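Below you'll find the structure, written out as structure tokens, and then a few comments.
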Protein chains: 2
Amino acid sequence: MRKGFLTLNSREEAKLSARRSKGHRVTIHDLARIAGVSVSTVSKALNGNGRMAADTRERIKSLAAEIGFRPNALARGLLSNRSFTVGLLTNDTYGRFTLPVMAGISEALVDHGVSVFLCAIEDDPELGKVHVDAMLDKQVDGIIATGKRVDRSLPVDLAGLPVPVVYAFTEGEAGSVTLTADDRHGARLATEWLQRIGRKRLVHITGPREFASAVERAEAFREVAGSAAPVLHGVWSEAWGHAAVDRLWNEGGGKPDGIFCGNDQIARGVVDALRERGAKVPEDVSVIGFDNWEIMAAQTRPPLTTVDMNLKELGREAGLMVLALAEGRTVEPGLRKLPCKLVIRESCGGGDRRD
Amino acid sequence: MRKGFLTLNSREEAKLSARRSKGHRVTIHDLARIAGVSVSTVSKALNGNGRMAADTRERIKSLAAEIGFRPNALARGLLSNRSFTVGLLTNDTYGRFTLPVMAGISEALVDHGVSVFLCAIEDDPELGKVHVDAMLDKQVDGIIATGKRVDRSLPVDLAGLPVPVVYAFTEGEAGSVTLTADDRHGARLATEWLQRIGRKRLVHITGPREFASAVERAEAFREVAGSAAPVLHGVWSEAWGHAAVDRLWNEGGGKPDGIFCGNDQIARGVVDALRERGAKVPEDVSVIGFDNWEIMAAQTRPPLTTVDMNLKELGREAGLMVLALAEGRTVEPGLRKLPCKLVIRESCGGGDRRD
DNA sequence: TTTTCTTGAGAAAACCTTTTCTCATATTGA
DNA sequence: TCAATATGAGAAAAGGTTTTCTCAAGAAAA
């Protein structure tokens, strides 16, 4: 007689809405009562465990859907030792680097039912500790550390934590799992492209020598362009790009016909300076940027051809890695460098040569 | 005999590290065993509840600190119906607007032991629902919705959720708690400043009419500058700023001596165009931007005087508001507009007139 | 008809913490 | 010395879910 009915009778409905309006969520007990079975049966029905009559299972499932039952993750986590949350620690709140990384992480993990705690710690070790403790209290399954510089670590010690840690775009301790963009690869891509479209006299204008990224890109540039190719170190700004062009054009000697810049801001300064001097981009000089910072690269006249570090992909990978570690799967430790890609716009010409 | 000892004996230490190495965290039961009291006593000691001998309390407290006991937030939340988490929903993953908002939220809430779930939903209603469900499963105490446009709502319905919702810098449903920057106030600040430093012929160059922000700022501009003052609507780009100046200078009539721009990118285009035409900034023309987007405003030559929307503060307020609602305190519903502030740099001159 | 096996479903424990209630002991007053 | 009170600490329940174990009933075999 009980079997087969699907809609709730009015008494049950009344009870349910009474509970709901008191701020209570629907629990597995409510569902069990309504279905006329025990909570264990409900649990097994919904999770596909245990032996049971197929129609019982189906009946419970559709009833659960009908009243919108969703298991309390806190209770579940308490039992399973898995909270289905991970923490994301960053000291780059305003930065354009970590944003795509974060987006990638969030995107990769939501498919696995994992939510991400965002912890903006600036450069404050105290704040870092507070956040880490708060996350550990909440039983995060793992932590991802990310920052604004590949060669600096966060102001907080994550070694020896009771949960796995993955470092993305920031320096991790020895033996840790770390992910960054392959700066050398990006620089090679850019330099080879300049050569491929016929540029001979290449120059690299980039940021300070103190940045590992700047150094690595410069080394890779010289490996491709030749060890005598000039590299100008400065700061990461538009103004420096401008000034560097002034310097190149004021000193004697042959002018470059291809300029690889350490970031899009420098490239923008370079393009502006070239225009002011009457050098046409890309007809006379090809310019390549780095970062593919849309709002900068796309608004420059002409729009910048630039190197994209695939940061979203990097985030996605990092997310999947903590997840793997959290589930007890092993992940090979060490530094993994993800390849970059070249985004062709108009500041180089040669777009038709792409293949 | 038991009383007064502080350091663990070796047997207890061994047991503890055995548990820890098996991936188990220290529980209140461990602590109780070590302290030689019951779990209830420990709980009461640490939470300052119940009656108990002062030295018992102290002994337990220092023991807890020594072994690093921290209560499991999942268990706590299960009991108290408070998870000390809130969800942050955003469709502006890359945007410069929501970043400071997020930072403000995180900063305000960490002090209250509350962690923030970051949910990047782009403009995907499906993804939005997945995230919201995941958060509700995790028993978030509240949700903050934020986006890239004040006059658009997120692609997900947050009405009727069993937790409080606060909207920050995005449109909420009727009767909701919503926080935005006061565009009119910002525009007034800028326009009045131009007048104050002696500019008479003011122009406003801004974004599309479809943006409520653009319209409100334009209205406020005209209230201050006079209803005949020209307003040029275009897009939010540097190129448009450039083009707008071309238009103004090519058509006959008096040239403006003060230009209020709808955002920093437009301002940058305006400044560049003026320089190209030989008009000096700020000597001949004063230019004001909007947004105080550091990387744009500070790198423009000369650095931009601009309106700051106090987005971090807005985030902080939003955070405190969900918290209040989560704790059952009432918050007056409706749209609250937070004041802006003027950031004086060099594109206006008159910096010394500040008071 | 009796025995064995299969199937379906429930009872109870476990996860960790907090809180209320209860109880034993020590202290005070008569 | 006895009763009444104050004090300190433990037992147990609760919160929501999952999992293991147990058990009853029906079906098949003898």
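Residue numbering restarts at 1 for every chain, and letters A, B, ... go by the order of the sequence lines. Treat the numbers as computed from the prediction; the structure is a model and nothing was measured. Hydrogens, waters and symmetry mates play no part in the numbers below; they use all other heavy atoms, side chains included.
- Atom CD1 in A:I28 sits roughly 15 Å away from atom P in D:dG15 (whole-Å rounding).
- At whole-Å resolution of the value, CD1 in A:I60 and P in D:dT18 are 13 Å apart.
- Annotation: salt bridge (charged side-chain N to carboxylate O under 4.0 Å, His left out) contacts of B:D123 (sequence neighbours excluded): B:K148.
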Nucleotide N/O to protein N/O under 3.5 Å, stretch nucleotides 24-29 of chain C:
none

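- Distance NE2 (A:H29) to C1' (C:dA11): 11 Å, rounded to an integer number of Å.
- Contact detail for A:A145 and A:L154: the closest heavy-atom pair is CB-CD1, 3.7 Å.
- Checked against D:dT17, C:dG8, C:dT17, the side chain of A:N72 finds its nearest nucleotide in D:dT17.
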Under 3.5 Å, which donor-acceptor pairs link side chains of residues 125-133 of chain A to any protein atom two or more places apart or in another chain?
| unit_1 | atom_1 | unit_2 | atom_2 | d |
| --- | --- | --- | --- | --- |
| A:K129 | NZ | A:D133 | OD2 | 3.0 |

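- With C:dC15, C:dT17, C:dA9 as the candidates, the nucleotide lying closest to the side chain of B:L79 is C:dT17.
- Here C:dT18 presents its C1' atom at 15 Å from CZ of B:R82, a figure rounded to the nearest Å.
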What nitrogen or oxygen pairs link the protein and nucleotides 26-28 of chain D at under 3.5 Å?
none

Could you go through residues 166-173 of chain A and list every donor-acceptor pair under 3.5 Å that involves a side-chain atom there, pairing it with any protein atom two or more places apart or in another chain?
| unit_1 | atom_1 | unit_2 | atom_2 | d |
| --- | --- | --- | --- | --- |
| A:Y167 | OH | A:E173 | OE1 | 2.4 |
| A:T170 | OG1 | A:R152 | O | 2.8 |

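- Between the CZ atom of A:F84 and the P atom of D:dT18 there is a distance of 11 Å, rounded to whole Å.
- Note on the helix from C:dT1-D:dA30 to C:dA30-D:dT1: terminal axis deviation equals 60°, with five pairs used at each end and the result rounded to 10°.
- Checked against salt bridge (charged side-chain N to carboxylate O under 4.0 Å, His left out), A:R329 has the following partners two or more places apart in sequence or in another chain: A:E327.
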Would A:T85 and A:M135 count as a side chain to side chain contact (heavy atoms under 4.5 Å, CB included) here? Give the steps. CA-CA 9 Å; A:T85 61; A:M135 291 193 293; over 6 Å; no
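- Each of B:S38 and B:R76 was matched to the nucleotide of DNA chain D holding its nearest heavy atom; the match closer to the 5' end belongs to B:S38.
- For B:S80, the side-chain hydrogen bond (donor to acceptor under 3.5 Å, both in side chains) criterion is met by no residue, not counting sequence neighbours.
- Residues that satisfy the ring-ring contact (aromatic ring centres under 6.0 Å, His included) test with A:F69, not counting sequence neighbours, are absent from this structure.
- Ranked by how close their nearest DNA chain D nucleotide is to the 5' end, A:R70 and B:R57 are led by B:R57.
- The stretch residues 101-117 of chain B participates, sequence neighbours left out, in these salt bridge (charged side-chain N to carboxylate O under 4.0 Å, His left out) pairs: B:E107-B:K312, B:E107-B:R316.
- Taking atom CG on A:L78 and atom C1' on D:dT19, their separation rounds to 14 Å, with Å as the unit.
- In terms of heavy atoms, B:P164 sits closest to B:A326 at CG-N, 3.9 Å.
- Taking the side-chain hydrogen bond (donor to acceptor under 3.5 Å, both in side chains) definition, one finds that A:T41 meets it with A:S38, sequence neighbours left out.
- Near-neighbour residues of DNA chain D inside residues 39-51 of chain B, defined by a heavy atom below 4.0 Å, number-ordered: B:S40, B:T41, B:K44, B:R51.
- Rounded to whole Å, atom C1' of D:dT19 lies 15 Å from atom CG of A:N81.
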